[in-house]
Amino acid sequence: PQQPGVNNYAGILRTNALQKDLPPTPKTESAMSEEKIEVQNKIAGSLMKTLIGVACGLLVCVGIAQAKATVTWGMWGSPAEIKTHQRVADAFMASHPDIQIILWGQPWGDYFTKLKTLWAAGDKEGIPDVLFLSPVVTYAGQGVLEPLDPFIKASGYDTSDYWPSLLDFGKLKGTIYGLPRDIGIEVLYYNKDIFDESGVSYPTNFWTWDDLKAAAKQLSKITTSGRVQRYALGVEGGKYQLFLGQNRGSILNDMVNPTACTLSEPVAVEAISFFAGLMDEKLAMRPSALSQAGGDAGVFQSGQAAMIIQNASRISAFNAAKMNYDVAAVPIPAGGQRSGTAGGAAWTMSKYSDDKDAAWTFLSWLQSTEGGQMVYTISGEILPALRSTAVSDAFLGINSPPANRAAFIIEGNNAKKGRSGYFPNWGTLNGKVISPNLSRIWSGSEPVRSVLKQTCKEVNSFLQSKGLGF
């Protein structure tokens with residue numbers, strides 16, 4: 001069946017109250033005509049159901065219910081996020097009545113544990129057909145995912161619309177196993193009221209590290225006894241990778257087939273020293289304090305931090321709280337580069353799906369501008385993986401904060417690999433070696449240079465003994 005256009009989806013989404021925070025679009029003659037058609041379709045659909053019921057009552061109903069394919073769809077999320085996923089499923093089923101979508105939604109803390117249990121038990125029936133996963137390379141390396149290249153080729157699916165390097169996040173050894181739903185690039189969020197109160201000019205898309213630090217000194221409130229009443233910046237410790245890439249540094253000498261750690265090189269030491277220095281000077285919160293205070297969203301909404309660096313996922317919460325804020329491109333060092341993360345959780349297909357064609361029909365619709373990408377973008381929860389969706393009115397034309405949505409486009413156009421490894425053992429290497437070592441820096445207990453030197457020693461030993469996991 002032909003996929004509905006943007007105008008049709010706007011009608012569906014308004015019905016579901018997805019755009020409840022947006023001003024209603026004035027009805028055009030075309031829109032009113034479409035509404036008449038929709039009413040006619042509903043009447044026709046009701047008549048069809050009646051006729052089918054009569055036919056079945058006369059014992060001439062031939063497998064109508066059995067003809068519908070079923071696709072189970074797994075994802076993690078809060079209750080509010082699961083509601084958005086259900087709206088997506090409803091929109092798909094409205095245009096694909098021959099495929100039923102059944103959600104398998106789980107809280108973040110349970111999702112991966114339950115999946116691993118299903119895989120370990122060999123419960124092929126219980127494993128969802130389409131799954132939300134990250135990092136894709138880990139699960140592809142375990143052999144539980146279906147390669148998508150044959151489906152992409154057969155259907156003519158266009159992969160050129162993705163942000164630079166983003167599709168690599170869904171690959172293992174050049175084969176595509178997942179299509180990222182969104183891109184996790186960050187921007188600088190800033191509280192306009194705090195900037196006004198402090199007499200500091202708003203950030204621009206051209207700020208440097210020096211500009212960021214100078215503003216931070218004015219925005220922070222520190223008593224004479226050294227107690228911090230307000231921090232300038234709240235940033236998660238894992239964001240060190242952003243500063244590292246901006247300074248043209250890297251974690252490993254190759255994020256796909258590494259042979260050595262590069263965190264002890266001068267550009268890496270300089271970048272991590274800058275980030276750690278903001279904490280040491282009480283301009284930025286230490287990650288442990290940030291977590292205890294409710295995370296970056298919590299401290300930003302409460303006014304405990306004037307700025308945070310985060311992706312588009314915070315927009316809906318800040319708008320719901322009616323915050324007076326905006327965003328800008330993340331400041332970079334003089335002579336540095338933009339280094340937004342080319343990564344995002346991806347939709348994948350289970351190797352054990354018993355109807356892969358139906359699963360692909362749904363998965364490819366999820367990743368189309370007139371399908372799932374449009375619905376998620378209008379919800380305000382993501383920066384879409386497809387550039388055509390990001391530059392459409394669904395993202396840039398929304399009449400709600402942030403005003404400077406172009407900052408996301410600037411970062412997206414400069415997205416790069418390098419924030420995570422593209423090999424199966426990356427999760428173990430990062431979780432058991434790199435992150436624990438760097439936490440010693442973020443706590444302020446040990447000097448940057450010596451910790452990075454020790455980290456590289458352990459990373460190199462891991463690569464030599466454990467390998468990449470292929």
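All residue numbers refer to positions in the sequence shown, counting from 1.
The side-chain hydrogen bond (donor to acceptor under 3.5 Å, both in side chains) contacts involving residues 99-111 comprise Gln106-Lys114, where partners must be two or more places apart or lie in separate chains. Within the structure, the ring pair (Phe, Tyr, Trp, His ring centres under 6.0 Å) test picks out the following pairs touching residues 283-320 (sequence neighbours left out): Tyr189-Phe318, Phe300-Phe318, Phe318-Tyr325.
Contact check on Asp90 versus Arg87 returns no salt bridge, with no Lys/Arg side-chain nitrogen under 4.0 Å from an Asp/Glu carboxylate oxygen. A salt bridge is absent between Lys124 and Asp354: the closest approach of a Lys/Arg side-chain nitrogen to an acidic carboxylate oxygen does not fall below 4.0 angstrom. Contact check on Lys432 versus Glu458 returns no salt bridge, with no Lys/Arg side-chain nitrogen under 4.0 Å from an Asp/Glu carboxylate oxygen. Taking the charged nitrogens against the carboxylate oxygens, Asp254 and Lys417 have no contact shorter than 4.0 Å, which rules out a salt bridge.
Between the side chains of Ser155 and Trp360, at least one donor N or O lies within less than 3.5 Å of an accepting N or O. Side-chain N/O atoms of Gln246 and Arg338 include no donor and acceptor closer than 3.5 Å. If you check the side chains of Asn425 and Thr428, you find no donor sitting under 3.5 Å from an acceptor. Between Asn404 and Asn205, the side chains place a donor N or O and an acceptor N or O closer than 3.5 Å (distance only, hydrogens not considered). The closest side-chain donor-acceptor pair between Asn247 and Glu270 falls under 3.5 angstrom. At a cut-off of 3.5 Å, with distance as the only test, no side-chain donor of Gln454 or Asn437 sits close to an acceptor on the other residue. Looking at Ser388 and Thr369, their side chains do bring a donor and an acceptor atom within 3.5 Å of each other. Judged purely by distance below 3.5 Å, without hydrogens or angles, the side chains of Ser339 and Gln337 never pair a donor atom with an acceptor atom. In summary, the side chains of Asn253 and Thr262 do not present any donor paired with an acceptor at a separation below 3.5 Å, with no hydrogens or angles considered.
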Go through Arg248 and Glu265 one step at a time and tell me if the salt bridge (charged side-chain N to carboxylate O under 4.0 Å, His left out) criterion holds.
CA-CA 11 Å; Arg248 304 183 188 276; Glu265 293 185 353; over 6 Å; no
Go through the steps to decide whether Leu145 and Tyr139 satisfy the test side chain to side chain contact (heavy atoms under 4.5 Å, CB included), and finish with yes or no.
CA-CA 7 Å; Leu145 301 182; Tyr139 302 98; 3.9 Å; yes
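Taken to the nearest 0.5 Å, the CD1 atom of Ile441 stands 11.0 Å off from the CZ atom of Arg449. With rounding to the nearest 0.5 Å, the separation of CD1 in Ile332 from CG in Leu212 is 12.0 Å. Within the model, atoms OG1 of Thr377 and CZ of Arg181 stand 9.0 Å from one another, a figure rounded to the nearest 0.5 Å. To the nearest 0.5 angstrom, Ile176 atom CD1 is 13.5 Å from Glu146 atom CD. With rounding to the nearest 0.5 Å, the separation of OG1 in Thr72 from CG in Asp129 is 3.5 Å.
Aromatic ring centroids of Phe408 and Phe395 lie under 6.0 Å apart. Taking the ring centroids of Tyr376 and His85, they lie under the 6.0 Å cut-off. In this structure, Phe112 has its ring center under 6.0 Å from that of Trp76. In this structure, the ring of Trp119 has its center no less than 6.0 angstrom from the ring center of Tyr352. Close placement of the Phe243 and Phe275 rings is indicated, their centers lying within 6.0 Å of each other.
In this structure, the side chain of Glu411 engages the main chain of Val330 through a donor-acceptor pair within 3.5 Å. The main-chain N or O of Ser160 is found under 3.5 Å from a side-chain atom of Arg387 such that the two form a donor-acceptor pair. The main-chain N or O of Pro384 is never found under 3.5 Å from a side-chain atom of Asp182 such that the two would form a donor-acceptor pair. Put simply, the side chain of Ser95 gets close to the backbone of Phe92: a donor and an acceptor are under 3.5 Å apart.
Taking the six-membered ring for Trp and thresholds of 30 and 60 degrees, Tyr240 and Trp442 have ring planes inclined between 30 and 60 degrees apart.
With a 6.0 Å radius and a threshold of 12 heavy atoms from other residues, nucleotides or ligands, Lys83 has its NZ atom at or below the threshold. For Gln229, the CD atom sits in a packed shell: over 12 heavy atoms of surrounding residues, nucleotides or ligands are nearer than 6.0 Å.
Here the closest non-hydrogen pair linking Leu244 and Ala271 is CA-CB, 3.7 Å.
Pro180 has its side chain within reach of Leu167: a pair of non-hydrogen atoms, C-beta onward, lies under 4.5 Å apart.
Under the rule for a ring-ring contact (aromatic ring centres under 6.0 Å, His included), Trp426 has no partner lying at least two apart in sequence or in another chain.
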